[in-house]
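Lettering of chains follows the sequences in order, A, B, ..., and the numbering in each one begins at 1.
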Protein chains: 4
Amino acid sequence: MPPSNILDAIIAQSKLSKKETAKQQKIVEAAIALFAERGYANTSTSEIAKKSGVAEGTLFRHYGTKENLLLSVIVPFLKESIPFLAKEVFTDVNPRNYKSFELFIGALLRNRIAFLNENQDIFRVVLKELLYRDELRNELFPHLQSQLFFFLNDALEWFKELGQLKDLPNPVLLRLIMTSVASYLAVRYVLSPNREADDDAEVKTMVDFITGGVGKD
Amino acid sequence: MPPSNILDAIIAQSKLSKKETAKQQKIVEAAIALFAERGYANTSTSEIAKKSGVAEGTLFRHYGTKENLLLSVIVPFLKESIPFLAKEVFTDVNPRNYKSFELFIGALLRNRIAFLNENQDIFRVVLKELLYRDELRNELFPHLQSQLFFFLNDALEWFKELGQLKDLPNPVLLRLIMTSVASYLAVRYVLSPNREADDDAEVKTMVDFITGGVGKD
Amino acid sequence: MPPSNILDAIIAQSKLSKKETAKQQKIVEAAIALFAERGYANTSTSEIAKKSGVAEGTLFRHYGTKENLLLSVIVPFLKESIPFLAKEVFTDVNPRNYKSFELFIGALLRNRIAFLNENQDIFRVVLKELLYRDELRNELFPHLQSQLFFFLNDALEWFKELGQLKDLPNPVLLRLIMTSVASYLAVRYVLSPNREADDDAEVKTMVDFITGGVGKD
Amino acid sequence: MPPSNILDAIIAQSKLSKKETAKQQKIVEAAIALFAERGYANTSTSEIAKKSGVAEGTLFRHYGTKENLLLSVIVPFLKESIPFLAKEVFTDVNPRNYKSFELFIGALLRNRIAFLNENQDIFRVVLKELLYRDELRNELFPHLQSQLFFFLNDALEWFKELGQLKDLPNPVLLRLIMTSVASYLAVRYVLSPNREADDDAEVKTMVDFITGGVGKD
DNA sequence: GATGAATGAGCTTTCATTCAT
DNA sequence: AATGAATGAAAGCTCATTCAT
């Protein structure tokens with residue numbers, strides 16, 4: 001997997017900020033909250049400094065530029081979120097443990113919902129900035145796709161063997177499924193937040209839709 | 001339907017800028033291109049002025065504020081795009097003319113694809129700004145939803161009568177269908193532009209997915 | 001009387017705008033009102049144009065510059081207000097007609113109050129701009145002083161002959177009297193407008209003060 | 001004495017800018033000089049920055065807005081100038097130490113002349129802005145008046161007891177005296193600066209006028 | 001003569017970044 | 001390491017003035 005410029009930067013950055021001091025922790029927290037609330041461009045470094053209780057200079061001592069701070073905010077999130085890498089998800093939602101595709105997709109959705117419940121702010125930041133930053137997107141998406149493919153290809157094969165999936169090419173299946181999941185999450189957490197959600201009902205609806213569409217057989 | 005603040009502004013704006021001079025045309029074109037390319041916040045009024053070949057003052061003489069210019073860019077697009085109002089779409093894609101839900105959804109998709117092919121830049125601007133501007137979103141979405149409902153409710157009933165739709169509540173059906181369509185369009189025109197598309201194949205895939213999901217019956 | 005730069009301009013200006021058209025009348029009226037309300041610097045030519053119902057270009061066609069418009073506003077007022085020139089005042093308040101200095105000063109005060117009641121706005125403009133424009137002041141004051149001297153010297157002599165004035169040099173008397181009158185008018189019309197005034201009582205108080213001071217004999 | 005909005009701001013401001021750095025000192029000095037010379041509205045922040053030898057940003061870092069800088073210029077002056085509050089004036093010019101009203105008023109005049117000799121520029125700024133800013137005036141004048149009354153009422157009673165003042169209501173006496181003093185100072189320091197003054201002679205003239213008017217007994 | 005669209009210099013203000021302490 | 005005062009480029013916006021119609 002060829003490492004790309006931005007991802008390099010991300011990784012380098014993530015290594016640099018490994019030993020996060022208490023102050024850095026504060027800074028990142030404040031940055032997440034503010035970026036999520038009013039976007040990267042509309043948040044000033046002085047606001048971040050004030051909210052995190054450090055001097056503005058400190059912020060630049062640690063992160064060099066505002067842009068870099070953004071990356072430091074996004075990176076750890078992405079590392080967990082391009083998630084299928086992460087062992088936890090692997091373990092939590094191992095397709096082989098599920099007898100039906102419905103159950104598997106339901107579990108996946110619930111897993112991501114649980115994750116986003118804990119990370120709404122960062123999700124908002126990431127989504128907004130992905131829309132704005134072609135570069136970031138162009139570097140991230142292929143990476144994401146290949147990771148997803150690496151993880152889900154096996155699952156798709158598995159459920160095809162079980163006779164539960166249409167005979168479409170895996171990339172197509174992947175795209176349809178992930179787009180549905182992603183757009184559901186985007187609406188739920190970014191476009192219409194503040195809305196109360198009945199998780200069970202919503203997951204069921206989504207699972208039914210992904211597997212069976214809206215048409216009557 | 002009570003008119004809301006921002007929509008009022010939008011409409012007022014659209015009326016004011018009725019008689020668009022050549023210069024105004026130039027300004028709006030430049031603004032669309034630049035906003036789409038690097039976002040509203042990262043585009044300066046001086047860049048817009050330079051690109052459109054007018055003095056910066058001219059820009060403010062016509063639009064008063066940069067924000068207002070944004071609206072002037074978005075408005076005409078929205079007026080065509082909250083489209084199901086527009087007689088054209090009504091006429092072009094009248095559900096009663098379609099024997100099957102698949103054909104109807106296919107036609108709808110093709111109609112919107114044709115529209116967006118002509119309006120990619122503005123679509124990008126609108127989508128990005130919708131993500132950033134809670135206010136705009138909060139005012140627009142309910143409006144959009146009610147319009148969609150007004151138009152599609154009938155269609156849904158019609159295809160239910162024909163026995164082609166699952167017996168889900170119309171709002172749920174609407175949400176599932178429209179989210180699918182919207183996310184397809186968002187990916188195609190904003191997240192992964194520059195990509196070549198085989199319209200026929202893609203529409204077919206989407207229609208099949210929306211009607212039948214990915215599961216094998 | 002050596003003509004000075006600004007006064008030249010004033011006079012030239014006043015000649016140019018001799019044949020005041022209806023539009024010019026409108027412009028001047030609007031300018032007076034706006035300058036008085038929020039000062040010269042805070043009034044834009046476009047506001048004046050709008051308020052007077054003419055195009056902004058028309059305004060410049062007639063007056064050339066905003067500064068010049070100010071002069072056109074101030075000049076006719078000054079011509080009546082450096083007033084002792086004006087035959088009316090001469091006639092109205094001819095010192096020889098007054099048996100006592102008190103009566104004379106009282107009449108003078110009443111005359112100026114009557115005048116300012118009709119010209120409050122312009123008075124405000126003039127006073128404010130006199131404060132701001134050293135040039136205007138430096139040219140105007142000597143002129144004013146010589147005019148006042150020309151007119152009042154005779155009056156002072158007259159009342160000295162009648163044994164009603166202290167034996168101070170006329171310039172000193174002039175300064176004391178005129179400063180008192182002017183500061184009374186300034187307070188009344190500019191610093192504390194909106195205040196109700198009992199003319200008779202106030203004039204009497206001022207006259208008594210000017211003639212007798214506050215000390216007990 | 002209920003504190004008013006602007007005065008609150010003034011006081012808050014004066015507290016904030018307690019610890020004036022060398023740069024702030026420079027800025028304020030430059031601002032005073034320029035505001036006095038050509039007025040607030042005709043002075044640009046860039047001129048102030050250049051004259052004080054700091055970057056324009058520095059100016060805003062300290063004072064936030066140009067308006068606020070004006071207040072920072074006016075405030076300390078007012079605090080000394082609504083003076084009769086200040087213990088110094090109380091002590092310097094204690095009416096009980098003066099055997100005659102003439103002597104007292106003379107001392108008061110000399111005290112204020114001495115003060116203004118040191119503060120001519122600021123006095124000019126204050127006077128000009130008072131004329132332009134209704135709000136400031138409306139808040140300041142009642143405050144000023146009540147302070148003066150508080151201080152001088154006693155003095156007036158004292159000199160009435162000594163049989164040296166006419167039996168006019170104290171507010172009237174106050175108004176006549178203070179208007180005379182103020183207009184003398186306004187003429188001397190604002191309307192006709194650059195003029196040489198023979199303090200002794202002028203003070204004597206003013207004192208005589210205030211106590212005895214221009215009329216022969 | 002009258003218009004008002006167009007101009008562009010100049011305004012106040014913001015903000016990422018630097019650097020002496 | 002941490003600070004925060006200082007920077008200055010660039011932002012959005014205003015407005016007196018011009019000029020083609």
Task: side-chain hydrogen bond (donor to acceptor under 3.5 Å, both in side chains) involving C:Arg137 - partner list, sequence neighbours excluded - done: C:Asp134
Task: Beyond-backbone contact of C:Asn68 with C:Ser72, side-chain heavy atoms, under 4.5 angstrom - done: yes
- [ ] Sequence neighbours left out, what passes side-chain hydrogen bond (donor to acceptor under 3.5 Å, both in side chains) with B:Arg38? Give chain and number order.
- [x] B:Glu47
Open item on the list: Expected output check: what is the dot-bracket annotation of DNA chain E, where ( ) and [ ] are pairs inside the strand (brackets for crossing ones), | is paired with another strand, and pairs are Watson-Crick or G-U under 3.5 Å?
Closed with: .||||||||||||||||||||
TODO: Answer yes or no: does a side-chain N or O of D:Lys26 lie under 4.0 Å from OP1 or OP2 of F:dA6?
DONE: no
TODO: Take nucleotides 12-21 of chain F nucleotide by nucleotide from the 5' end and write B, S or -, depending on whether a protein heavy atom sits under 4.0 Å from the base, only from the sugar-phosphate, or from neither.
DONE: BBB-BBB---
TODO: Identify, with sequence neighbours excluded, every residue that meets side-chain hydrogen bond (donor to acceptor under 3.5 Å, both in side chains) alongside C:Thr45.
DONE: C:Glu56
Task: Sidechain-backbone polar pair: A:Thr58 side chain, A:Val54 backbone, donor-acceptor under 3.5 Å - done: no
Open item on the list: Using salt bridge (Lys or Arg N to Asp or Glu O under 4.0 Å), reason through D:Glu139 and D:Arg133 one step at a time and then give a plain yes or no.
Closed with: CA-CA 10 Å; D:Glu139 310 241 25; D:Arg133 295 164 192 277; over 6 Å; no
Task: Cation-pi geometry met for A:Lys128 and B:Tyr132 (6.0 Å, 45°) - done: yes
Open item on the list: If the condition is side-chain hydrogen bond (donor to acceptor under 3.5 Å, both in side chains), which residues does A:Asp121 pass it with, not counting sequence neighbours?
Closed with: A:Arg124
Task: Closest-nucleotide 5' rank along DNA chain E - winner of B:Gly53 and C:Leu59 - done: C:Leu59
Open item on the list: So, OP1 or OP2 of E:dT7: does either fall under 4.0 Å of a side-chain N or O from B:Lys23?
Closed with: yes
Task: Any C:Lys50 side-chain N or O less than 4.0 Å from OP1/OP2 of E:dT3 - done: no
Open item on the list: So, does A:His62 get its side chain near the phosphate of F:dA1, meaning an N or O under 4.0 Å from OP1 or OP2?
Closed with: no
Open item on the list: Measure OH/A:Tyr63 against P/F:dA1 and give the value in whole Å, please.
Closed with: 12 Å
Task: Separation of E:dA16 P from A:Leu34 CG (nearest whole Å) - done: 12 Å
Open item on the list: Looking at D:Lys51 and D:Ala33, would you say the former's side chain and the latter's main chain have a donor-acceptor pair under 3.5 Å?
Closed with: no
Task: Interatomic distance, B:Ile27 CD1 vs E:dA5 P [rounded to whole Å] - done: 12 Å
